[in-house]
Participant: 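Would you mind keeping the following structure in view while I ask a few things?
When a residue number appears, it is its place in the shown sequence, counting from 1. Remember, it's 1-based here, ligands and their atoms both numbered in the order they're listed.
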Amino acid sequence: MKKLFFILLSCIMVSGCSSAEKSDDKSGDKTDFILNTVCQIKIYNEDNSEKTADELIDEAFDLCREYENTLSRTIEGSDVYKINHAGGASVEVSDSTIEVISKAEYFSSISDGAFDITIAPLSILWDFQGENPTVPPDDEIKNLLNDVDYTAVKIDGNTVTLTNPEAEIDLGGIAKGYIADKTAEYLSANGVTSATINLGGNVFALGSKTDGTDFNIGIQDPASTDGSIIGYVSVSNKSLVTSGSYERYFIQDGKKYHHILDPKTGYPVENGLTAVSIISDKSVDGDGLSTTCFVLGLDKGMELINSIDGVEAVFIDENEQYYFSDGFGKDIIFNYPE
Ligand code: ADP
Ligand code: MG
């Protein structure tokens with residue numbers, strides 16, 4: 001856990017105020033463990049006359065917890081829990097749940113099912129978050145493949161129905177991005193003009209630095225164990241999200257098994273990529289697309305990114321080669337570490 005803490009905190013390198021400036025009611029920096037990961041919010045400036053920056057951060061973390069209670073697969077009583085335990089009956093859920101599932105369906109359809117929230121039976125079987133995960137028996141993996149099919153999820157108004165009662169959904173590949181957007185909206189509506197929100201590596205740069213220049217957000221080196229970066233992007237009001245094979249994994253018989261699964265095989269994706277970072281206006285898009293592109297691989301993933309306006313990506317492979325989408329150097333500036 002300590003290592004995870006360090007890596008997640010060091011993957012965001014921002015300089016909003018100089019160290020000479022003292023922290024006051026207008027700025028604050030807090031870290032909490034929410035959404036099964038380390039979350040950090042830094043406010044560099046806010047113009048809210050009623051509340052201090054620390055109070056706003058506490059409220060933002062409360063908001064994250066509320067969304068977790070709605071979108072988590074494991075928290076009893078959440079919308080997702082109800083959908084998964086309804087035995088195929090229709091379940092009425094919140095607007096947020098509908099929004100996230102609709103987005104997920106969109107990423108599934110544009111990727112021909114590379115992104116698939118009905119991956120849940122397989123992620124449960126693999127149990128990457130467990131104490132001692134091991135490779136499940138191949139026949140069990142193959143059996144569960146029948147239940148992985150995003151077209152079994154039907155939305156009608158505010159109800160969700162799983163047409164296959166054995167199907168289960170898991171929003172782990174997209175929910176953090178959605179929650180990062182909602183947190184940014186909340187802070188902005190409450191007078192925050194400069195902040196960074198980091199939900200376990202899902203980063204949103206709200207506004208710009210207090211001197212008006214862009215934030216510099218680091219992209220972690222997937223090969224490093226100490227959280228060092230391959231470079232950084234300079235952005236304002238943008239999200240940077242990375243999906244990587246280094247985030248959650250275990251090693252068995254010298255082989256690495258990570259948590260992004262190929263819905264076609266049931267096994268961790270093996271296509272030579274180690275990380276995909278997405279820069280976008282909305283973090284929900286960055287989160288969905290980083291997972292999608294990781295599964296699609298370099299060629300198809302890059303083709304997809306270059307077909308979407310306002311979204312850029314860096315793909316990194318196991319030979320430490322970096323590949324940049326077409327907007328780099330034009331819309332987005334990448335700088336190597338000094
Ligand atoms: P993280 O949430 O760790 O930053 P991702 O956004 O890439 O990383 O999401 C990985 C999570 O998404 C997994 O832990 C699992 O819950 C879920 N997942 C795994 N494979 C897929 C897939 N092919 N499509 C959709 N979700 C997936
Ligand atoms: Mg994702």
Participant: Can Asp281 and Lys238 be counted as an ion pair, charged N to O under 4.0 angstrom?
Facilitator: yes

Participant: Looking only at the side chains, is there a donor atom on one of Glu312 and Ser325 sitting less than 3.5 Å from an acceptor on the other?
Facilitator: yes

Participant: Side-chain donor-acceptor pair under 3.5 Å between Asn335 and Asn216, yes or no?
Facilitator: no

Participant: On the ring face of Phe215, is Lys209 found with NZ or CZ under 6.0 Å from the centre and within 45° of the axis?
Facilitator: no

Participant: Can a non-hydrogen atom of Gly201 be found less than 4.0 Å from any atom of ligand 1?
Facilitator: no

Participant: Looking only at protein heavy atoms, identify the closest one to atom 5 (P) of ligand 1 and say how far it is in Å.
Facilitator: Thr291 OG1, 3.3 Å

Participant: How far is atom 2 (O) of ligand 1 from the closest protein heavy atom, and which atom is that?
Facilitator: Lys176 NZ, 2.7 Å

Participant: With Lys182 as the cation and Tyr186 as the aromatic partner, state whether NZ or CZ is under 6.0 Å from the six-membered ring centre and within 45° of the axis.
Facilitator: no

Participant: Can you list the atoms of ligand 1 that are under 4.0 Å from a heavy atom of Glu247?
Facilitator: 1 (P), 3 (O), 4 (O), 8 (O)

Participant: For Pro263, counting its heavy atoms only, list the atoms of ligand 1 lying under 4.0 Å from any of them.
Facilitator: 23 (N)

Participant: Only one of Asp29, Asp32, Asn198 forms a side chain to side chain donor-acceptor pair (under 3.5 Å) with Gln40, so which one is it?
Facilitator: Asp29

Participant: Identify the closest protein heavy atom to atom 6 (O) of ligand 1: which residue and atom is it, and at what distance?
Facilitator: Asp287 OD1, 2.9 Å

Participant: At the Mg ion (ligand 2), what angle lies between atom OG1 of Thr291 and atom O of Asp287, rounded to 10 degrees?
Facilitator: 90°

Participant: Starting from atom 24 (N) of ligand 1, locate the nearest protein heavy atom and write down its residue, its atom name and how far away it is, to 0.1 Å.
Facilitator: Asp116 N, 2.9 Å

Participant: Do we see a donor-acceptor contact under 3.5 Å between the side chains of Asn202 and Ser283?
Facilitator: yes

Participant: So which heavy atom in the protein is nearest atom 23 (N) of ligand 1, and how far is it from that ligand atom?
Facilitator: Leu261 O, 2.8 Å

Participant: Are Tyr336 and Ile230 connected into the same hydrophobic cluster when the rule is that any two of I, L, V, M, F, W, Y join if their side-chain heavy atoms are below 4.5 Å apart?
Facilitator: yes

Participant: Could you confirm whether Gly173 has any N/O/S atom lying under 2.8 Å from the Mg ion (ligand 2)?
Facilitator: yes

Participant: Are Phe334 and Tyr232 an aromatic pair, judged by ring center distance below 6.0 Å?
Facilitator: no

Participant: Would you mind running through ligand 1 and noting each atom that sits below 4.0 Å from a heavy atom of Ser243?
Facilitator: 5 (P), 6 (O), 7 (O)

Participant: For atom 17 (C) of ligand 1, grab the closest protein heavy atom and report residue, atom and distance to one decimal in Å.
Facilitator: Gly173 N, 3.9 Å

Participant: Please list the nearest protein heavy atom to atom 14 (O) of ligand 1 with its residue and the distance rounded to 0.1 Å.
Facilitator: His259 ND1, 3.1 Å

Participant: So if I apply the ring-ring contact (aromatic ring centres under 6.0 Å, His included) rule between His258 and each of Phe294, Tyr249, Tyr246, Phe128, which one comes out positive?
Facilitator: Phe294

Participant: If the contact criterion is a heavy-atom separation under 4.0 Å, does Ala114 count as touching ligand 1?
Facilitator: yes

Participant: Which atoms of ligand 1 are found less than 4.0 Å from any heavy atom of Val295?
Facilitator: 23 (N)

Participant: For ligand 1, is any non-hydrogen atom under 4.0 Å from Ile119's backbone (N, CA, C, O), its side chain (CB onward), both, or neither?
Facilitator: side chain

Participant: Tell me yes or no: between the side chains of Thr193 and Asn45, is some donor less than 3.5 Å from an acceptor?
Facilitator: yes

Participant: Could you check atom 16 (O) of ligand 1 against the protein and tell me its nearest heavy-atom contact, residue, atom and distance included?
Facilitator: Asp170 OD2, 2.8 Å

